[in-house]
Amino acid sequence: MVFFVVLIGFLSMGATSDVVKIKLNNGDEMPVIALGTYLGFNENGIVQSRDHFLRNVILNAIDEGYRHFDTASIYETEGEIGEAVVMKIDEGVVKRSDVFITTKLWNTNHERDSVTMALRKTLLKMGLDYVDLFLMHWPIALNEDYTYSDVDYLDTWRGMEDAQRLGLTRSIGVSNFNKEQIERLLQECSIRPVALQIEVHPQIVQQDLVEYAQNKGLVVMGYSPFGSLVKRHGLEMSGPKMDDPTLMDIAKKYSKTTPQVVLRWLVDRNIVPVAKTVNSTRIKENINIFDFKLTEEEIFKINNFNEFKRYTLPSFWQNHKYYPFEKVANPLPNPFVKK
Ligand SMILES: NC(=O)c1ccc[n+]([C@@H]2O[C@H](COP(=O)([O-])OP(=O)(O)OC[C@H]3O[C@@H](n4cnc5c(N)ncnc54)[C@H](OP(=O)(O)O)[C@@H]3O)[C@@H](O)[C@H]2O)c1
C-alpha cells in the first residue's frame with residue numbers, strides 16, 4: 001500500500017502556511033497533525049472547559065495553521081470545537097472543507113441504532129452537518145449503567161456504516177482495536193475503516209500493529225505522543241524526559257525541541273500525531289515540525305525506548321469479551337462507576 005503525503009499550500013490570515021496531508025483509502029485527505037482536546041479527569045469527573053476557554057484555544061490554533069481537531073463524545077469538548085470552527089468559517093478564514101474533525105462514539109452507544117443517534121447529537125452540539133472522521137472509541141460495549149454489554153463491535157460497525165451512508169460523517173474508523181479485532185472487522189465490513197487511533201510514543205512504539213494497519217490501508221493516528229516527556233495525571237513518569245540526552249542530541253542537530261523531535265518521529269513513520277496542548281506557545285511549537293526529517297538511524301534510536309508502556313490502560317474493563325489489551329494482575333478501580 002502506497003501512502004501519498006501531499007503538501008497543500010493555502011492562504012490564511014494573510015500569511016502563507018503549509019498543511020501536510022495524508023491520503024485516506026477513500027480518497028479524502030487528513031491533515032498530518034491533530035490537536036487533541038481531552039482536558040483530563042479529576043475527582044469531579046471529566047474536566048470541563050469554562051468561559052469559552054477551549055473555544056478560544058481552537059480559534060488560536062486555526063490562526064496558527066491547525067486544520068485537524070480530535071475530540072470524542074466522552075471528552076465533552078465537541079461543542080466548543082464546533083463553535084470555534086463555525087466562527088472561523090463565518091469570519092471567512094477557513095471553509096468547512098479546510099477543517100478535518102475527528103470524533104468518537106462512546107461505549108454506551110454501541111447498539112446499531114444508537115450509533116447514528118449518538119452522532120446526530122454530536123452534530124447538534126457542534127452546529128455542523130457532518131464530521132470528517134467518526135471512530136469507534138473502543139471495541140467494548142457498555143450498558144447505560146456501565147455494566148458490560150455483549151453487543152459485538154461488528155454490529156456497532158454496521159451502525160458506523162449507516163452513519164457514513166447518511167452523510168453524517170465522511171469516513172469511519174476505529175480506536176484501541178488490536179490486530180485480531182481489525183482483521184475480523186476487515187473480513188466482515190462493507191465499508192473499510194480509514195484509520196486506527198492508538199497510543200504511540202517512545203515507550204510504546206507499536207511497530208507490529210502500525211505496520212499491519214498501514215499495510216491494510218489504514219492511516220494510523222498516534223495519541224499521547226509525548227509519553228513520559230510530560231507529566232501524566234500531574235505526576236512525573238519513568239522514561240525519557242524533555243532533557244533526555246538521545247533526544248537532546250537529535251533536537252540540537254535540527255534546532256528543534258525534544259517534543260518536536262518526538263512528533264516528527266511519528267510523522268516520519270507515517271503516523272498522524274494527536275497532541276494536546278492548550279498553551280499558545282506550545283500550539284506554535286507543536287505544529288512547527290514540517291521543515292525537517294529524521295534519519296532512519298534517529299528513528300531507530302527513538303524506537304529503542306520501547307517498553308510496551310501504556311498510559312491509557314482501562315484494566316477495569318479487562319474481563320470484557322472484547323477487551324483489546326493484555327490483562328494485568330491488579331486492575332485499576334473503575335472511575336466511571338459510582339462507589
Ligand atoms: N483514542 C483514545 O482512546 C485516546 C486516549 C488518550 C488520548 N487521546 C487523544 O490524544 C490527545 C493527546 O493525548 P494526551 O493528552 O494523553 O497526551 P499528549 O498530547 O502526549 O500530552 C499532553 C500534555 O503535554 C503537554 N504538552 C503539549 N505540548 C507540549 C510541549 N511542546 N512541551 C511541553 N509540554 C507539552 C500538555 O500540557 P499543556 O496543555 O499545558 O501544553 C499536556 O499536559 C488527547 O487530547 C485526545 O484527543 C485519545
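Note that ligands are numbered from 1 as they come in the structure, with each ligand's atoms numbered from 1 the same way.
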Residues two or more places apart in sequence or in another chain: which of them pass side chain to side chain contact (heavy atoms under 4.5 Å, CB included) with Glu188? Leu154, Arg158
Partners passing ring-ring contact (aromatic ring centres under 6.0 Å, His included) against Phe53 (at least two apart in sequence or in another chain): none
Nearest heavy-atom contact between Val272 and Ala34 is CG1-N, 4.3 Å
Residues in contact with ligand 1, criterion: heavy atom under 4.0 Å: Gly36, Thr37, Tyr38, Asp70, Tyr75, Lys104, His137, Ser175, Asn176, Gln197, Tyr223, Ser224, Pro225, Phe226, Val230, Arg232, Met242, Pro259, Val274, Ala275, Lys276, Thr277, Val278, Asn279, Arg282, Glu285, Asn286, Thr312
I need the full list of salt bridge (Lys or Arg N to Asp or Glu O under 4.0 Å) pairs touching residues 237-251, with sequence neighbours left out, sorted by first then second residue. none
For Arg170, does the CZ atom have more than 12 heavy-atom neighbours from other residues, nucleotides or ligands under 6.0 Å away? no
So, for Trp138 and Phe325, is the gap between ring centers shorter than 6.0 Å? yes
